[in-house]
Amino acid sequence: SSMDMSLQLFNEGASIEEIAEQRRLSVGTIEGHLAAFIASGDLSITKVLPFDKLRAILEMVETTGQYTAAKPIKDLLGDDYTYGEIRMVLEHYKRTKR
C-alpha cells in the first residue's frame, strides 16, 4: 500500500521531507502515514521525533488534557512544531495510555 511504501522508505533512512518529495505527496500526508504505524505499534515515536520535541508535545498533551485535537496544542507550541508531529505524538500517547 501507499502507507507501507512510506514506512519502508523511512526505515531505509529517508527523511519525511525526502519521502514526500520522492512520492510527490505532502509532508503532512507522509506524517499521517507514519502516525498510523505509530498507532499500530509498528513504528516507535522515538525513531521519528527528537526527544526534546516529543517531551514538549507530551507535556502540552498532559497540561491541556487534549488527547484528540492537534490544533490547541499547535496553538500553544507554535511554528516549530507541525500538525503531523503533534498527531504522531497523540497516537503514541493513546497507545501507551491504553
Side-chain angles (χ1 to χ4, degrees):
S1 75
S2 178
M3 285 173 52
D4 291 327
M5 196 179 291
S6 295
L7 179 64
Q8 186 181 338
L9 289 166
F10 185 80
N11 284 336
E12 287 169 2
S15 72
I16 290 172
E17 289 77 12
E18 288 166 344
I19 297 167
E21 194 172 313
Q22 188 174 335
R23 303 203 55 218
R24 291 183 170 78
L25 296 167
S26 73
V27 165
T29 297
I30 305 303
E31 287 172 330
H33 291 172
L34 297 183
F37 289 110
I38 290 166
S40 65
D42 293 306
L43 179 63
S44 167
I45 188 76
T46 55
K47 290 206 171 101
V48 187
L49 279 184
F51 182 73
D52 57 333
K53 272 198 161 182
L54 173 58
R55 192 182 56 205
I57 296 170
L58 281 175
E59 279 173 7
M60 278 302 166
V61 171
E62 300 264 340
T63 304
T64 60
Q66 180 55 262
Y67 311 119
T68 49
K71 182 159 175 29
I73 296 169
K74 172 88 169 95
D75 290 346
L76 289 165
L77 286 171
D79 292 340
D80 291 340
Y81 297 80
T82 68
Y83 281 105
E85 288 171 338
I86 295 165
R87 285 194 198 97
M88 288 189 278
V89 175
L90 288 172
E91 292 300 345
H92 163 76
Y93 185 85
K94 284 186 274 192
R95 184 174 170 76
T96 54
K97 292 292 183 239
R98 236 178 253 145

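Side chains are part of it too, since the values below use all heavy atoms of this structure and drop only hydrogens, waters and symmetry mates.
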Report yes if the side chains of [X] and [Y] come closer than 4.5 Å at any heavy-atom pair, otherwise no.
X     : Y     : value
Leu43 : Leu7  : yes
Leu9  : Arg23 : yes
Tyr83 : Glu31 : no
Lys74 : Asp79 : yes
Tyr67 : Val61 : yes

### Message
Using the rule that Ile, Leu, Val, Met, Phe, Trp and Tyr join whenever any side-chain heavy atoms are under 4.5 Å apart, tell me whether Tyr81 and Val27 fall into a single cluster.
### Response
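Tyr81 and Val27: one cluster.
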### Query
Ser40 and Asp42: which non-hydrogen atoms are nearest, and at how many Å?
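Residues Ser40 and Asp42, closest heavy atoms: OG-OD2, 2.7 Å.
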### Task
Determine the minimum heavy-atom distance between Ala70 and Arg87, stating which atoms define it.
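Of all heavy-atom pairs spanning Ala70 and Arg87, the closest is CB-CG, 4.1 Å.
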Approximate separation, where rounding is to 0.5 Å, of [X] [atom1] and [Y] [atom2]:
X     : Y     : atom1 : atom2 : answer
Glu85 : Ile57 : CD    : CD1   : 5.5 Å
Ile19 : Ser6  : CD1   : OG    : 6.0 Å
Met88 : His33 : CE    : NE2   : 12.0 Å
Ile38 : Ile45 : CD1   : CD1   : 3.5 Å
Phe10 : Glu18 : CZ    : CD    : 10.5 Å
His92 : Lys97 : NE2   : NZ    : 8.0 Å

### Message
Donor-acceptor check, side chain of Gln66 to backbone of Thr68, threshold 3.5 angstrom: yes or no?
### Response
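Yes, the answer is positive, given that a donor and an acceptor are paired below the 3.5 Å cut-off.
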### Sequence-distant partners of Thr63, side-chain hydrogen bond (donor to acceptor under 3.5 Å, both in side chains), two or more places apart
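Residues passing side-chain hydrogen bond (donor to acceptor under 3.5 Å, both in side chains) with Thr63: none at all.
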### Task
Flag yes if more than 12 heavy atoms outside Lys47 fall under 6.0 Å of its NZ atom; otherwise flag no.
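12 or below, so no.
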### Task
Evaluate the criterion side chain to side chain contact (heavy atoms under 4.5 Å, CB included) for residue pair Leu90 and Ile73; output intermediate values, then yes/no.
CA-CA 10 Å; Leu90 288 172; Ile73 296 169; 4.1 Å; yes
